[in-house]
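Taking it in order: structure first as structure tokens, then the write-up.
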Amino acid sequence: MELILNKDKCNGCGECVKVCPFGAIELENGLPQTNENCRLCGVCVKKCPQGALKLPEGTPERKIEDARDVWVFAEQKGGKFAEVVYELLGKGRGLANTLNQKLVAVAIGSELEEEAHNLIAYGADIVYLFEHPDLKDFNEKKYGQVLIDFIKQNRPNIFLAGATSRGRSLIPQVAAALETGLTADCTGLEVDAETGLLLQTRPAYGGNIMATITCASTRPQMATVRPHIFPRTEPIAGHEGKIVKLEPNLDGLDDVMEVISFAQTEIEGPDLTDAEIVIGVGRGIKGPQNLPLVEKLAKLLGARVGGTRAVVDAGWLPARCQIGQTGLTISPKLYIACGISGAIQHIVGIQSAKRIVAINKDPEAPIFEIADCGIVGDLFEVIPVLIEEIKHKRGEENV
Amino acid sequence: MKYIVCLKQVPETDKVKINPQTGTLIREGVKSIINPYDLYALEAALRMKDAYGGEIVVVSMGPPQAEEALREAIAYGADEAILLSDRAFAGADTLATSYTLAQAIKKIGDYDIVFCGKQAIDGDTAQVGPELAFRLGIPYATYVYKLEIRDGVLFVERNLDDGTQVLKLSLPALVTIVKEVGEIRVPSIRGKMRAKKAQISVWGGAEIEADPSKLGLNGSPTRVAEIFSPPPRGEKIILTGKPEECVKQLCEKLKEVIL
Ligand SMILES: Cc1cc2nc3c(=O)[nH]c(=O)nc-3n(C[C@H](O)[C@H](O)[C@H](O)COP(=O)(O)OP(=O)(O)OC[C@H]3O[C@@H](n4cnc5c(N)ncnc54)[C@H](O)[C@@H]3O)c2cc1C
Ligand SMILES: Nc1ncnc2c1ncn2[C@@H]1O[C@H](COP(=O)(O)O)[C@@H](O)[C@H]1O
């Protein structure tokens with residue numbers, strides 16, 4: 001089945017060539033001609049200034065089997081792609097290979113083209129770029145309209161995004177618009193060998209339980225994926241792909257939602273949710289006057305400091321540093337819990353850390369149940385010794 | 001002004017475990033509480049009411065006993081409560097939940113701000129708020145800790161991983177609320193009295209004019225294929241000696257990460 005052209009109306013302006021997301025239209029003798037890349041998505045029909053294009057009658061109901069490819073949302077902050085994007089490309093490449101489908105990245109922002117080449121190096125076959133000055137700042141309404149329009153036309157099989165604050169905020173509306181399933185904050189993704197379905201594993205009930213979720217009868221199969229769970233893979237030598245720049249449609253969004261300002265967290269380095277090492281402080285720290293000791297260790301390790309609710313409620317740390325059920329969920333390579341009892345509401349926020357170290361003077365503290373390495377001792381004695389030992393060892397290594 | 005607060009009754013999650021024999025969830029003896037984030041959402045709505053006047057309607061989809069949670073919300077100062085309860089709602093994932101809530105909120109009508117918690121602590125999905133906003137066709141902001149109305153426009157401050165944003169939203173709008181808003185106030189005696197006597201409407205699928213194929217399990221594209229207990233963490237050591245000794249061993253173990 002092919003796109004229908006009304007030759008009397010067409011003036012050969014070439015607008016359809018420009019707007020086609022798939023590069024499926026070329027001008028031949030001044031008239032548009034489609035090639036095998038055409039998916040009858042209908043973008044050109046809508047955009048043709050002459051009304052010269054039509055979809056064929058009875059364009060078949062789109063079937064599940066028609067949904068193809070693994071898509072990754074390439075979240076950006078200040079023009080740089082988030083770390084989790086590269087983790088998703090690694091995982092997505094594997095899924096795409098298993099399914100024998102393409103890996104596609106879609107990025108929304110302003111001036112991303114140079115960065116976009118990285119996405120190809122890390123495995124994307126196609127990168128769709130929506131660039132516009134109005135898309136510089138993260139704005140759910142604008143990003144949402146762009147994504148929804150585009151995904152509706154394309155029917156990916158799988159759509160993945162990072163389970164970051166931006167990803168978790170943006171993506172659910174897309175799932176609602178497409179009336180499809182979305183699995184939040186996954187920590188495992190596999191393709192079922194028999195059915196080809198995406199098996200999406202995630203913690204539930206505060207991590208006491210793991211659940212594997214499937215989405216059998218609607219497409220795309222959508223998931224947000226917890227950062228740091230999958231490794232950032234190496235760039236693939238010689239991998240080739242193409243960048244397709246697209247025009248975002250931001251009509252009708254004036255005054256609905258505007259970003260007035262953005263204040264970046266003052267502290268330099270990664271966010272608490274992105275840091276490789278996090279030091280957690282609990283009531284055992286006794287008061288804010290003792291935070292510099294922990295910060296000294298943090299500086300040495302390039303770590304960020306967070307804390308328990310008790311510490312936040314006491315006003316020793318700002319609320320945005322709270323880790324746990326009513327705070328952040330983190331999954332660093334190393335978590336060092338200092339003076340933390342290990343209440344379940346705190347544990348749920350840290351249990352996907354690769355390693356957990358606990359320093360607590362009470363040998364019965366529940367934190368020791370989940371710690372990989374526990375030191376029973378007074379943190380005011382242990383931490384200074386730890387700082388010295390790290391310095392000492394590093395000195396030795398340097399000799 | 002009319003504010004709607006979406007509130008869910010959840011099990012105290014730390015008590016939920018898997019029965020190793022049957023592989024099913026153990027729910028017996030687990031107490032139900034109001035999702036803590038929804039109390040922050042209610043507090044945010046109460047403050048808006050304090051500042052700009054108006055009324056607060058709380059809505060909950062759940063089994064009949066969720067009425068308890070709604071009464072509690074009235075004790076805190078909500079004006080009206082609606083329970084969405086129907087066998088057909090059971091087994092809903094976030095897509096079906098957002099549909100059901102959206103139908104109910106459209107029926108309530110004339111609202112200015114919808115408040116949700118950042119997430120519910122049973123599923124931890126944080127998806128219902130944004131999905132609901134989409135279904136209502138209104139703008140939304142997540143992780144909000146401060147709200148203000150100026151010239152009929154909503155200004156909010158919200159957290160992102162790497163900083164905070166100030167946003168302007170046209171009304172009606174939806175917000176999801178985080179802890180920084182502040183703990184729920186103490187219920188007044190009058191509130192408690194009102195809660196006891198309050199008439200709580202119960203709406204089912206017919207009342208909200210729902211399409212049955214979009215409700216509950218029928219309307220849920222996701223399925224739980226399997227549940228299991230998280231795998232145990234690897235080997236562990238507990239060190240109890242002198243700080244110098246403990247630290248030496250710790251550093252040895254963590255060599256690749258910390259040096
Ligand atoms: C609905 C709800 C939600 C919650 N959400 C969260 C959440 O998101 N995050 C969270 O963290 N909590 C949360 N909590 C609170 C949680 O239950 C605990 O109260 C809290 O985590 C305890 O904090 P803590 O470990 O700092 O304090 P404590 O429990 O008081 O523990 C202090 C520990 O420090 C040790 N200590 C004291 N002095 C020293 C020393 N000199 N050297 C070494 N060790 C020392 C003590 O032995 C003790 O184990 C929530 C609670 C509820 C009810
Ligand atoms: N069954 C429900 N009834 C009322 N509100 C709900 C329900 N489920 C979710 N919500 C609202 O949506 C928010 C996010 O929930 P969730 O997406 O399940 O994490 C909650 O904090 C509630 O405000």
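Here is the naming used below: chain letters follow the sequence lines, and residue numbers restart at 1 for every chain. Values reported hereafter were calculated over all heavy atoms of this structure, with side chains retained and with hydrogens, waters and symmetry mates removed.
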Is it true that the NZ or CZ of B/Arg185 lies under 6.0 Å from the centre of B/Tyr76's six-membered ring and within 45 degrees of the ring axis? no

So what's closer than 4.5 Å to chain A heavy atoms on B/Lys179: side chain, backbone, both or neither? side chain

A/Arg202 versus chain B, the contacting section by heavy-atom distance below 4.5 Å: side chain

Contact class of B/Arg223 relative to chain A, heavy atoms under 4.5 angstrom: both

Out of B/Glu131, B/Arg158, B/Gln127, B/Gln249, which one racks up the most heavy-atom pairs below 4.5 Å with chain A? B/Gln127

At a 4.5 Å cut-off on heavy atoms, which part of A/Leu182 comes close to chain B: side chain, backbone, both, or neither? both

Contacting region of A/Gln200 [heavy-atom separation from chain B under 4.5 Å]: neither

Contacting region of B/Ile238 [heavy-atom separation from chain A under 4.5 Å]: both

Where on A/Thr218 is there a heavy atom nearer than 4.5 Å to chain B: the side chain, the backbone, both, or neither? side chain

Relative to chain B, which segment of A/Leu170 carries a heavy atom at a distance below 4.5 Å: side chain, backbone, both, or neither? backbone

Chain A contact via B/Ser98 - which portion, at a heavy-atom distance below 4.5 Å: neither

So, the part of A/Ala263 with a heavy atom under 4.5 Å from chain B: the answer is both

Is it the backbone or the side chain of A/Ser169 that comes under 4.5 Å from a heavy atom of chain B, or both, or neither? both

Taking side chain as everything from C-beta outward and backbone as N, CA, C, O, which of these in A/Ala82 sits under 4.5 Å from a heavy atom of chain B? Side chain, backbone, both or neither. neither

Ranked by heavy-atom pairs below 4.5 Å to chain B, first place among A/Gly181, A/Ser165, A/Ala184 goes to A/Ser165

